[in-house]
Amino acid sequence: MPHSIGLGMIGKTELSDRLLEGILRNNVVSGKHIHIAEKDAKLRDYYLGLGVDCTPDVSASMLRSEIMILSGEKQEFSTLLSSVCGTTRGRVLVSTIPGRSCEYIQERVAKATHVVCVKSEDTEDGRHISHLTYSHRFPNHMKSAVEDIFRSIGEIETEQLS
């Protein structure tokens with residue numbers, strides 16, 4: 001049974017591609033509830049062909065989503081974050097961007113934004129592990145959806161900031 005949440009995805013990386021594939025394969029979130037912001041018309045057509053909502057407008061993607069996943073390289077972080085920082089209040093912002101802590105992100109987004117920072121690794125024995133760090137006061141009822149998203153591509157380890 002899929003989670004009945006809106007899931008937004010901004011930025012394209014190998015990890016975000018794996019996540020989308022795992023989410024759809026394991027029916028974690030229905031494709032019609034996945035909202036991807038993508039400016040490239042060919043990629044939009046690809047995502048639409050998967051049954052995923054895709055628009056070039058980041059704001060539209062964010063407004064339809066309870067959980068938003070940011071993916072990219074460290075040098076892209078500011079650009080990606082600036083596209084959503086004013087609309088994150090009451091939402092979950094998941095960052096797969098390396099080198100940015102929950103505290104760092106929370107200083108740059110709207111108050112009452114719940115943040116998860118994810119570090120992912122592929123082990124020598126072929127396993128994939130996602131290390132999830134939840135911001136202070138992260139709501140328990142949203143943890144299962146976030147964890148199921150990352151469990152769709154491998155194992156997870158969690159930590160709650162105090």
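The model shown is predicted, which means the values in this text are computed figures rather than measured ones.
In this structure, H3 NE2 and S30 OG are separated by 12.5 Å, a value rounded to the nearest 0.5 Å. Put simply, CG on L19 and CD1 on I69 are 5.5 Å apart, with the number rounded to the nearest 0.5 Å. Atoms OG and CD1, from S95 and I105 in turn, are 4.0 Å apart once rounded to the nearest 0.5 Å.
Side-chain contact between R64 and T55 is present, with heavy atoms from C-beta onward closer than 4.5 Å.
T158 meets the side-chain contact (heavy atoms from CB on, under 4.5 Å) test with L132, Y134, E147, I156; sequence neighbours excluded. The side-chain hydrogen bond (donor to acceptor under 3.5 Å, both in side chains) check on H136 picks up nothing, with sequence neighbours excluded. Scored by the side-chain contact (heavy atoms from CB on, under 4.5 Å) test, E124 finds no partners at all (sequence neighbours excluded). Partners of D17 by side-chain hydrogen bond (donor to acceptor under 3.5 Å, both in side chains), not counting sequence neighbours, listed by chain and number: K12. Taking D125 as the reference, T123, R127 meet the side-chain contact (heavy atoms from CB on, under 4.5 Å) condition, with sequence neighbours excluded. For S82, the side-chain hydrogen bond (donor to acceptor under 3.5 Å, both in side chains) criterion is met by no residue, not counting sequence neighbours. Considering only residues two or more places apart in sequence or on other chains, N26 meets the side-chain contact (heavy atoms from CB on, under 4.5 Å) condition with V28, S152.
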The test is side chain to side chain contact (heavy atoms under 4.5 Å, CB included); show your working for L50 and L20 and say whether it passes. CA-CA 10 Å; L50 295 175; L20 181 60; 4.1 Å; yes
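Taking every heavy atom of both residues into account, L24 and G31 meet most closely at CD2-CA, 3.9 Å. Shown here for G11 and S16, the closest heavy-atom pair between the two residues is O-OG, 3.6 Å. Annotation for Q106 and S135: closest pair OE1-CB, 3.4 Å, computed over non-hydrogen atoms.
Linking ILVMFWY side-chain heavy atoms closer than 4.5 Å, directly or via other members, places M9 and I67 in a single hydrophobic cluster. Under a hydrophobic clustering in which Ile, Leu, Val, Met, Phe, Trp and Tyr are joined whenever their side-chain heavy atoms come within less than 4.5 Å, directly or via other members, L7 and V109 fall into different clusters. Hydrophobic clustering (side-chain heavy atoms under 4.5 Å, transitive across Ile, Leu, Val, Met, Phe, Trp, Tyr) groups V58 together with L81. Under a hydrophobic-cluster definition in which Ile, Leu, Val, Met, Phe, Trp and Tyr are linked whenever side-chain heavy atoms come within less than 4.5 Å, directly or via other members, Y104 and F138 are assigned to different clusters. By the criterion of side-chain heavy atoms lying less than 4.5 angstrom apart, applied directly or through intervening Ile, Leu, Val, Met, Phe, Trp or Tyr residues, L15 is grouped together with V29 in one hydrophobic cluster.
Residue pairs meeting the ring pair (Phe, Tyr, Trp, His ring centres under 6.0 Å) criterion with at least one partner in residues 143-162, sequence neighbours excluded, do not occur; the list is empty. Screening residues 97-109 for salt bridge (Lys or Arg N to Asp or Glu O under 4.0 Å), with sequence neighbours left out, gives no hits. Counting only residues at least two apart or in different chains, side-chain hydrogen bond (donor to acceptor under 3.5 Å, both in side chains) contacts with residues 31-42 comprise H35-D53.
For E14, the CD atom is loosely surrounded, since the number of other residues' heavy atoms within 6.0 Å does not exceed 12. Within a 6.0 Å radius of CZ in R137, other residues, nucleotides and ligands contribute 12 heavy atoms or fewer.
At least one donor-acceptor pair closer than 3.5 Å links the side chain of R91 to the backbone N or O of S65. Between the E66 side chain and the G6 main chain, a donor and an acceptor come within less than 3.5 Å of each other. Side-chain atoms of E155 do not come within 3.5 Å of backbone N or O of H128 as any donor-acceptor pair.
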Please tabulate, one pair per line, all N/O donor-acceptor pairs under 3.5 Å involving side-chain atoms of residues 111-119, not counting sequence neighbours.
| unit_1 | atom_1 | unit_2 | atom_2 | d |
| --- | --- | --- | --- | --- |
| T113 | OG1 | T88 | O | 3.3 |
| T113 | OG1 | T88 | OG1 | 2.6 |
| T113 | OG1 | A110 | O | 2.6 |

Show every donor-acceptor pair shorter than 3.5 Å between a side-chain atom in residues 70-80 and any protein atom, with sequence neighbours excluded, or say none if there are none.
| unit_1 | atom_1 | unit_2 | atom_2 | d |
| --- | --- | --- | --- | --- |
| S71 | OG | T96 | OG1 | 3.1 |
| E76 | OE1 | E73 | N | 2.7 |

